[in-house]
Structures are given as C-alpha cells and as structure tokens.
Amino acid sequence: MKLLHGARGCYGQIFIKPCRTKVVKVFFNRESEGKLRSDIEIVFNSEVAAYNIASNERELISYIPRFYGSVDVSDELNDTSIYYTDLAYEIDYIDGQFSPINGAMIDYDSTENVMNKFEAFGIDATDAAVTSANYKIIKVVDFKISEKRYK
C-alpha cells in the first residue's frame, strides 16, 4: 500500500491499495500525544458502524464509496508504531478532489439535504469530506455515528 497524498486526518491516514481501486483508512497510534488506544477505538468503531448503516440504506448508499469492512494491515505497513494496524477499514477509491462538507464550493441546500439524510439514520456527517460537481455533493466520506443516537 502507498500513502495517498493529502489524505490524512486527525485520526487516520488513507493508503491506496496496489489494485488502485480501493483505499484503506488506518488509524493512528496517538499514545505519545496522550490519547489512549481505547479513545481511538471509539472513533474507529463509530466510523465502521456508520458505514455499515449507510451501506444498507437505500437513501444513503449512492453517496458513499462501497464499504468492504474492517481489515488488519499489519502485513502491509512497515512502521506499525505509528498506526494501529488492526484498526483499519477498506472502501472503494473515489477519484476527485475532496473538501469539507461545509465548503464554499458546495450549494447550501445540497449540503443541508445530504447532512439531514445521514442524520435521519443516526449518522453525523458534519465533519465529513465530500466530492462535488456543479455545486452538488457526489460522494461523502469520513462520517460517524451521531452522538444524538445515544441520548
């Protein structure tokens, strides 16, 4: 696997698979920053649960890349001290430029519509990244279970 340029977030890094049709999000080991593994597991589990829900909802499935589930990439990454190689999941590679869902180049109504659709199924997309065309959202990544779901 190779690093995907510019595809790094607070909790994980995106790697492109050799087939170039799939990517893997691998979560960082941030213990040196004072973050416990259990804190990172909560985020990982929330994202995986959200992908599982979205993958099974007709209203959401067209907005997300195909989700292949959790994977262990310990055999594929050289520096395992930086990553929790067992906290990773695989999705289809989406070609395009990603921007924040609340980005300036996306129509407000499109943003609100998509965020409301996700929220209706208990998914928080407020910090998601999206691809867009003609100011409309095409694909959404980097979402999680809504905290409201548990209240």
Side-chain angles (χ1 to χ4, degrees), residues 1-28 30 35 37-77 83-151:
M1 294 189 314
K2 292 185 179 181
L3 284 172
L4 190 60
H5 178 70
R8 177 189 173 115
C10 179
Y11 289 99
Q13 173 72 54
I14 304 295
F15 292 85
I16 191 157
K17 302 276 286 188
C19 63
R20 302 200 54 82
T21 61
K22 296 178 184 176
V23 296
V24 176
K25 181 173 184 179
V26 185
F27 284 71
F28 292 121
R30 295 180 53 196
K35 293 263 187 192
R37 178 185 166 98
S38 59
D39 295 333
I40 306 301
E41 285 176 343
I42 289 169
V43 176
F44 168 76
N45 289 329
S46 179
E47 290 188 23
V48 168
Y51 266 105
N52 279 320
I53 292 168
S55 296
N56 290 298
E57 294 299 339
R58 187 174 40 86
E59 292 182 48
L60 301 179
I61 199 161
S62 66
Y63 287 109
I64 67 166
R66 185 169 180 191
F67 177 65
Y68 295 95
S70 301
V71 294
D72 186 321
V73 294
S74 57
D75 291 342
E76 299 175 70
L77 287 180
Y83 306 102
Y84 291 122
T85 56
D86 60 328
L87 299 183
Y89 60 80
E90 188 173 270
I91 58 176
D92 274 343
Y93 170 74
I94 303 297
D95 190 24
Q97 190 70 27
F98 281 86
S99 61
I101 195 166
N102 289 312
M105 298 303 292
I106 302 170
D107 178 71
Y108 176 80
D109 290 335
S110 177
T111 300
E112 286 298 304
N113 179 44
V114 170
M115 287 174 58
N116 288 338
K117 283 182 179 182
F118 277 77
E119 189 61 43
F121 293 97
I123 298 172
D124 179 1
T126 57
D127 292 327
V130 299
T131 58
S132 61
N134 299 320
Y135 305 103
K136 303 289 186 207
I137 292 172
I138 305 299
K139 292 290 182 185
V140 181
V141 297
D142 206 14
F143 46 85
K144 63 187 182 219
I145 293 294
S146 173
E147 291 177 15
K148 293 177 189 174
R149 185 178 176 101
Y150 297 109
K151 291 183 179 181

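Nothing fancy with the numbering, it's 1 onward along the sequence.
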*Supply the atom-to-atom distance I101 CD1 to F143 CZ, rounded to the nearest 0.5 angstrom.*
10.0 Å

*side chain to side chain contact (heavy atoms under 4.5 Å, CB included) assessment of I123 paired with L60*: CA-CA 10 Å; I123 298 172; L60 301 179; 4.0 Å; yes

*Is the backbone of V48 close enough, under 3.5 Å, to the side chain of N52 for a donor and an acceptor to pair up by distance?*
yes

*Flag side-chain contact, heavy atom, 4.5 Å: V141 against Y51*: yes

*Main-chain N/O of I137 paired to S110 side chain as donor or acceptor, under 3.5 Å*: yes

*Give the intermediate values and the outcome of ring-ring contact (aromatic ring centres under 6.0 Å, His included) for residues F15 and Y83.*
CA-CA 12 Å; F15 292 85; Y83 306 102; 5.4 Å; yes

*Could you tell me whether N116 atom CG has more than 12 heavy atoms of other residues or ligands within 6.0 Å of it?*
yes

*Kindly confirm or rule out a cation-pi arrangement of K117 over Y63, judged by NZ or CZ under 6.0 Å from the six-membered ring centre and within 45° of its axis?*
no

*For side chain to side chain contact (heavy atoms under 4.5 Å, CB included), just list the numbers for F98 and T131, CA-CA rounded to whole Å, side-chain angles, deciding distance to a tenth of an Å, and then say yes or no.*
CA-CA 5 Å; F98 281 86; T131 58; 3.5 Å; yes

_Is any side-chain heavy atom of K144 closer than 4.5 Å to one of V43?_
no

*Looking only at side chains, do E47 and Y89 share a donor and an acceptor under 3.5 Å apart?*
yes

*Do Y11 and F28 make the cut of ring centroids closer than 6.0 angstrom?*
no

_Run K25 and D142 through salt bridge (charged side-chain N to carboxylate O under 4.0 Å, His left out) and show every step you take._
CA-CA 10 Å; K25 181 173 184 179; D142 206 14; 3.0 Å; yes

*Give a yes or no on whether the backbone of I145 and the side-chain of S46 come within a donor-acceptor separation of less than 3.5 Å.*
yes

*Euclidean distance, F67 CZ relative to N56 CG, rounded to 0.5 Å*: 10.5 Å

_Under a 3.5 Å distance rule, please check whether R30 uses its side chain to pair with a backbone N or O of D39 as donor and acceptor._
no

*Closest heavy-atom pair and its distance - P65, V140*: CD-O, 3.5 Å

_Quick one, C19 and Y93 - any side-chain contact, counting heavy atoms below 4.5 Å?_
no

_Sub-4.5 Å side-chain heavy-atom contact between I91 and V23_ = yes

*Is atom CZ of R37 surrounded by more than 12 heavy atoms (other residues, nucleotides or ligands) closer than 6.0 Å?*
yes

*Checking D72 side chain against S74 main chain: does a donor-acceptor pair fall under 3.5 Å?*
yes

